[in-house]
Amino acid sequence: MSENVVHLHKPTDPPTADTTPTVLTVVPDPAPAAPVPLWVRSGRAVKSAVTHESTRATVRAAARHGLYTLNGGRIVARRAWDGRTGSRYERMIRAAEAAGNLEAAQEWEERLQRFRAARHHRRMDLLHSPVDAAKGVAVGAGMSIGVLVALGVVMAINTGHVGDVVTPLSATVDFIALLIRIVQVVWGPALSIGPFLALLALWSVGRKQHAAPNWALPANVRSGEGEPITPSIVVKALRDLGVPALARAIKEMGDAGASMLGPIRIAGCGVEVDVTLPSGVSTNEVQGKRRKLAENLTRHEHEVFITIPQAARTVRLWIADSGALDEPIGPSPLATDDTMTADYTKGKAPWGQDLRGDAAALSLYQRHLLITGLSNQGKTAALRALALWACLDRRVEFRVADLKGAGDWAMFDGLATVLIQGPADEQVIEATEMVESLVEEMNRRIEIRRRDPGAVFDPLIGIVDEAQVAFMCPVKDEDGRPYGGSKAISRYFMAVRKVHNQGRVVDVLLWEGTQDPTDQNLPKLVREGAHTRASLALGTESQARMALGDKAVDGGAAPHLLRQGLDKGTLVVASDGIEIPAGQASITVRTHYINDEQATAITDRAKALRDGVTTLHAIDRGEERDPLADIATVLGNDTRVRTQEVISRLAALNADSYAGWSFIDLKRVLDAAGAEPYKSDGRMVVGRDRVARALADRDNEGSASAE
């Protein structure tokens with residue numbers, strides 16, 4: 001926009017060369033907005049009218065009622081055709097054969113034969129019916145006239161008038177004439193109203209059957225929640241899935257697709273059916289349209305699961321009852337049965353329920369474990385539930401590193417021999433050294449097994465919750481080796497790999513829980529080293545493949561399709577330690593939730609099964625050790641402890657100093673102090689009183705020498 005410049009001078013004084021003119025800047029008003037063209041306003045009005053909710057509702061209503069009438073006619077025609085022919089019986093025969101029910105197919109075949117025989121008999125009767133009908137009419141008319149004449153004769157005799165003989169016959173003729181006149185009066189309006197009444201009847205049939213597209217139906221009908229799953233509904237859902245080859249094959253099938261379906265079986269809080277796909281349709285085409293299939297079945301996406309069984313070109317559909325998966329599954333048996341015990345070797349941990357409503361139990365015997373998922377989805381609760389069952393076996397020793405430090409594992413104080421809590425680098429260092437102590441114990445057991453192949457060891461389970469904190473830790477030790485990372489120089493990574501490689505055979509196991517798996521916070525070699533892999537809700541399919549592996553995801557496992565926040569505690573599990581239906585690579589488990597109060601009660605029961613466990617809350621490093629004082633520390637309040645247990649506790653206390661200790665090393669220190677091990681119930685033990693007395697004597701000797 002340009003500016004107007006005006007020079008002002010006094011009128012009486014002519015301008016001179018040195019006179020500076022007064023400058024006035026005038027800024028014009030902004031130009032008024034151009035009027036909106038008529039065609040633009042008309043277009044906007046049309047768009048607003050078309051997209052307005054009342055217009056859309058009117059269009060839906062018109063389409064709905066029109067299609068009610070049209071499809072109602074089709075339904076009536078189909079019913080009439082079924083009534084006149086054997087097509088209904090033929091459909092039932094095909095459905096029974098497709099379901100493999102040969103007895104039902106034979107029964108329907110016999111019914112069809114009876115129907116055809118009866119129809120043939122009726123048609124043969126029609127050949128003679130015109131003559132029989134004519135004879136019947138003639139006889140009936142003659143008899144009627146005779147009766148009327150006889151009645152007239154009786155009346156004539158009674159009245160004495162001969163004319164009364166024809167009175168009944170005349171009255172009958174007049175009545176027939178009256179009926180004819182009534183029909184003549186009504187016939188015209190009936191011909192006009194009849195088509196409208198017929199259309200109304202067809203509309204009523206279509207309305208009762210909801211014979212209109214889903215988008216045109218009212219909202220309360222369109223939802224379809226709670227609609228039972230039938231073969232026709234499944235076939236229609238597959239036909240409308242948007243796979244052209246599948247839709248064409250269903251239309252070309254003589255049985256309208258019934259042969260594709262296996263029997264629909266009740267499975268827990270839903271139903272299950274196997275679908276054999278026609279040639280040219282792959283299973284992944286159906287898997288990739290899970291949401292559309294669920295909507296076609298009037299279900300939400302999370303209420304339909306698609307897996308791949310062993311049979312070729314077959315998908316297995318599990319369809320939940322509407323809203324059933326949002327209901328809780330009930331408390332854990334661990335919380336309700338205070339007499340329950342555990343058997344690590346032969347038993348299974350009660351973890352929850354599968355989608356069929358059956359109990360889902362997991363074997364922990366010689367299996368490394370990995371549980372992953374997004375934050376706040378129940379990962380710690382699922383991991384802790386397994387540990388709470390295993391702790392009821394007094395043989396099992398726990399070493400726990402909780403790198404979240406929120407107190408979720410606080411009830412294991414006095415039960416675990418090591419309990420580290422906190423997210424700081426210091427706790428990561430301690431967790432790393434805890435896993436390294438597992439490696440040392442593993443090596444010691446392997447050496448014993450080499451000398452004595454029949455040696456049996458008590459299970460030792462290391463648990464690292466929030467393991468991604470350890471993998472992401474940037475701290476390095478005094479030699480420059482990083483604690484975190486996924487390279488061969490990473491101390492935590494290498495310790496985990498060593499336990500995964502050889503720990504199982506000597507019952508040294510590692511359980512890890514981690515969030516949001518990536519290659520940085522959960523390296524590939526660590527993921528694949530776990531025998532049992534489970535995942536809660538994840539964000540992407542690539543994360544699901546990291547958590548469970550390609551085989552499980554290709555077989556239908558889909559933790560990335562679980563609802564974040566709504567499916568808390570729901571796990572997709574890939575493991576040979578849990579019963580998985582034949583042909584599937586994974587199973588979905590809804591885990592029991594055990595709160596902190598219940599978990600504390602369970603650990604109290606577990607502590608009562610043990611003689612007493614001293615829990616170490618920090619692992620000392622690099623300082624001069626006093627073996628006798630350390631032995632007294634690990635004995636804690638126990639009156640006596642088996643020598644092997646003392647060695648294990650010493651290794652947990654300080655791996656650098658005691659990881660390589662044997663019974664000979666322990667005996668050497670105790671013999672020198674005068675606190676020799678002794679036998680109790682046939683097993684070598686270390687007495688707390690002897691060690692305490694030896695320490696007191698040593699302190700007294702030290703005090704005397706100092707004086």
Side-chain angles (χ1 to χ4, degrees), residues 394-400 412-420 430 433-434 436-445 447-448 451-452 455-458 460 508 607-707:
R394 59 177 300 171
R395 300 172 299 169
V396 180
E397 176 189 351
F398 289 98
R399 300 180 187 179
V400 181
F412 278 76
D413 190 2
L415 182 60
T417 54
V418 175
L419 179 59
I420 300 165
E430 293 176 349
E433 293 178 347
M434 182 194 80
E436 289 175 339
S437 72
L438 296 178
V439 176
E440 296 294 336
E441 174 63 15
M442 175 189 74
N443 291 335
R444 187 188 68 80
R445 294 185 178 190
E447 181 61 25
I448 295 175
R451 296 194 301 264
D452 181 9
V456 178
F457 306 101
D458 288 340
L460 172 59
V508 176
K607 293 172 186 177
L609 299 174
R610 291 164 169 78
D611 295 332
V613 175
T614 301
T615 299
L616 306 178
H617 295 276
I619 299 178
D620 298 328
R621 302 175 299 278
E623 63 272 13
E624 291 290 334
R625 307 300 308 180
D626 182 349
L628 188 61
D630 286 343
I631 292 172
T633 299
V634 299
L635 289 176
N637 297 324
D638 298 338
T639 304
R640 53 185 176 273
V641 178
R642 292 183 293 109
T643 54
Q644 190 57 54
E645 177 67 20
V646 173
I647 294 172
S648 297
R649 294 182 183 182
L650 287 172
L653 179 65
N654 188 278
D656 294 335
S657 300
Y658 302 116
W661 267 36
S662 65
F663 173 74
I664 296 175
D665 298 312
L666 178 65
K667 188 173 185 303
R668 173 177 49 79
V669 172
L670 294 175
D671 288 348
E676 300 85 353
Y678 61 95
K679 278 193 175 183
S680 176
D681 296 330
R683 309 183 76 172
M684 295 299 295
V685 298
V686 179
R688 181 190 61 187
D689 294 340
R690 292 190 180 189
V691 174
R693 186 165 54 250
L695 277 174
D697 292 343
R698 190 183 66 178
D699 293 341
N700 292 335
E701 292 176 359
S703 300
S705 60
E707 293 176 357

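This one's a predicted model, so the numbers in the text were calculated from it and none came from an experiment.
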Taking all heavy atoms of V691 and all of A632, pick out the closest pair and write down the distance.
CG1-CB, 3.8 Å

D665 side-chain N/O to S662 backbone N/O, donor-acceptor pair under 3.5 Å
yes

Whether T615 side chain and A416 backbone form a donor-acceptor pair below 3.5 Å:
yes

With a 4.5 Å limit on heavy-atom distance, are the side chains of I631 and L666 in contact?
yes

Under the side-chain contact (heavy atoms from CB on, under 4.5 Å) rule, what do V669 and W661 come out as? Steps first, then yes or no, please.
CA-CA 11 Å; V669 172; W661 267 36; 3.6 Å; yes

Roughly how far, to the nearest 0.5 Å, is the CD atom of E436 from the CD atom of E441?
15.0 Å

Validation row: E645, D638 side chains within 4.5 angstrom (heavy atoms):
no

Stepwise side-chain contact (heavy atoms from CB on, under 4.5 Å) test for T417 and V634:
CA-CA 9 Å; T417 54; V634 299; over 6 Å; no

Please evaluate residues E447 and N443 with respect to the criterion side-chain contact (heavy atoms from CB on, under 4.5 Å), reporting the C-alpha separation (whole Å), side-chain torsions for both, the decisive distance (0.1 Å), and the verdict.
CA-CA 6 Å; E447 181 61 25; N443 291 335; over 6 Å; no

Does any non-hydrogen side-chain atom of S437 lie less than 4.5 Å from one of Y658?
no

Looking at CG of L616 and CZ of R649, how far apart are the two atoms once the value is rounded to the nearest 0.5 Å?
9.0 Å

Can you check whether R399 reaches S648 side chain to side chain, under 4.5 Å on heavy atoms?
yes

K607 (side chain) donor-acceptor with D413 (main chain) under 3.5 angstrom:
yes

Show your working on side-chain contact (heavy atoms from CB on, under 4.5 Å) between Q644 and D458 and close with a plain yes or no.
CA-CA 10 Å; Q644 190 57 54; D458 288 340; over 6 Å; no

Charged N-O contact under 4.0 Å between E440 and R444
no

Please tabulate, one pair per line, all N/O donor-acceptor pairs under 3.5 Å involving side-chain atoms of residues 670-687, not counting sequence neighbours.
residue: D671; atom: OD2; partner: K667; partner atom: NZ; Å: 2.6
residue: S680; atom: OG; partner: R640; partner atom: NE; Å: 3.2

Are F398 and V613 side-chain neighbours, meaning at least one heavy-atom pair lies under 4.5 Å?
no

